[in-house]
Amino acid sequence: MFDFQTSQQNHKLYGVLPKKFITEDAVKNSATKLIPANSIAIVTRVGVGKLAFMPYEFASSQDFLSLSNLQVDCNFGMYSIYKMLQREQNNIQGTSIKGITKADLLDKETFVPIKVEEQQKIGSFFKQLVWQQLSRVQYFVSLAKPKNS
């Protein structure tokens, strides 16, 4: 059994947990692809602009472009793609259902520091900001929950 990710369940940049599963036989007999661990999954159809770091092997639907065997620091890659997708939000195709083609996405260029140490510092800072924001959201959600008497 493999974790099966869909664009509907992917709402986090980090800490995505398996919720749905698919058998090896089902993977062989479908358009689903197995993606190696330490990849970045990018939603290219409905929900475009969402991305997630996937620390484990998973299977994905055709709604994703998955980048694996990265040649940059994983956290820096997440930051760089996140920033690029935020800039591209206004140029994305479609009226009611937005989408970006894999070719268009792969054609984009981004700045990558040559020194891995600099990539790691930028990526680490980005990841810390994401976790801080997530902690704040969870705190405010807990405040909104009714208290038991």
Side-chain angles (χ1 to χ4, degrees), residues 1-138 140-141:
M1 296 288 269
F2 299 100
D3 170 48
F4 182 72
Q5 290 291 318
T6 67
S7 58
Q8 296 166 341
Q9 70 190 73
N10 184 353
H11 298 287
K12 295 180 182 179
L13 293 170
Y14 294 95
V16 176
L17 299 174
K19 292 181 182 169
K20 295 183 177 185
F21 296 90
I22 188 169
T23 65
E24 187 172 347
D25 193 44
V27 170
K28 289 178 186 174
N29 295 307
S30 70
T32 299
K33 303 279 187 255
L34 277 181
I35 311 300
N38 299 319
S39 296
I40 298 174
I42 307 165
V43 177
T44 57
R45 294 186 185 178
V46 177
V48 70
K50 292 193 284 185
L51 69 154
F53 178 72
M54 304 300 290
Y56 51 84
E57 182 180 48
F58 70 103
S60 75
S61 68
Q62 296 175 12
D63 293 346
F64 286 97
L65 170 65
S66 298
L67 304 177
S68 54
N69 303 315
L70 301 172
Q71 303 299 309
V72 297
D73 175 75
C74 294
N75 292 320
F76 176 81
M78 287 288 292
Y79 165 75
S80 182
I81 295 166
Y82 177 82
K83 291 299 289 178
M84 182 269 300
L85 288 172
Q86 295 304 307
R87 285 190 304 268
E88 290 298 317
Q89 283 291 339
N90 295 327
N91 302 326
I92 292 174
Q93 303 172 21
T95 52
S96 59
I97 299 178
K98 303 271 186 193
I100 187 169
T101 67
K102 290 180 182 183
D104 285 345
L105 188 61
L106 292 173
D107 197 38
K108 302 293 179 200
E109 292 184 12
T110 186
F111 169 77
V112 177
I114 294 172
K115 293 184 177 181
V116 175
E117 296 83 18
E118 189 173 349
Q119 293 176 28
Q120 290 170 334
K121 286 179 183 178
I122 294 168
S124 177
F125 182 72
F126 173 70
K127 187 174 181 180
Q128 286 177 348
L129 288 176
V130 168
W131 283 112
Q132 285 176 354
Q133 183 179 14
L134 181 61
S135 295
R136 286 188 183 120
V137 168
Q138 289 172 337
F140 287 115
V141 166

(message) Among residues at least two apart in sequence or on other chains, which ones pass ring pair (Phe, Tyr, Trp, His ring centres under 6.0 Å) with Phe53?
(response) none

(request) Rounded to the nearest 0.5 Å, what's the gap from CE on Met78 to CD1 on Ile40? Could you check? (result) 6.0 Å

(request) Can you see which heavy atom on Gln119 is nearest to which on Pro113, and at what distance? (result) NE2-O, 2.8 Å

(request) State the CG-CD1 distance between Leu85 and Ile42, to the nearest 0.5 angstrom. (result) 6.0 Å

(message) I'd like to check the ring pair (Phe, Tyr, Trp, His ring centres under 6.0 Å) partners of Tyr79; sequence neighbours left out, ordered by chain and number.
(response) Phe126

(request) Could you list the residues that satisfy salt bridge (Lys or Arg N to Asp or Glu O under 4.0 Å) with Lys108, not counting sequence neighbours? (result) Glu88

Atom pairs and distances, donor-acceptor, side-chain atoms in residues 66-77, under 3.5 Å, two or more places apart:
| residue | atom | partner | partner atom | Å |
| --- | --- | --- | --- | --- |
| Gln71 | NE2 | Asn69 | O | 3.0 |
| Asp73 | OD2 | Asn75 | N | 3.2 |
| Asp73 | OD2 | Phe76 | N | 3.0 |
| Asn75 | OD1 | Tyr14 | OH | 2.8 |

(request) With sequence neighbours left out, write down each residue that passes side-chain contact (heavy atoms from CB on, under 4.5 Å) with Val116, or none if nothing qualifies. (result) Gln120

(message) Please list all pairs meeting side-chain hydrogen bond (donor to acceptor under 3.5 Å, both in side chains) that have one or both residues in residues 24-34, counting only residues at least two apart or in different chains.
(response) Asp25-Asn29, Ser30-Thr32

(message) If you compare all heavy atoms of Pro36 against all heavy atoms of Ser39, which two are closest, and at what distance to 0.1 Å?
(response) O-OG, 2.6 Å

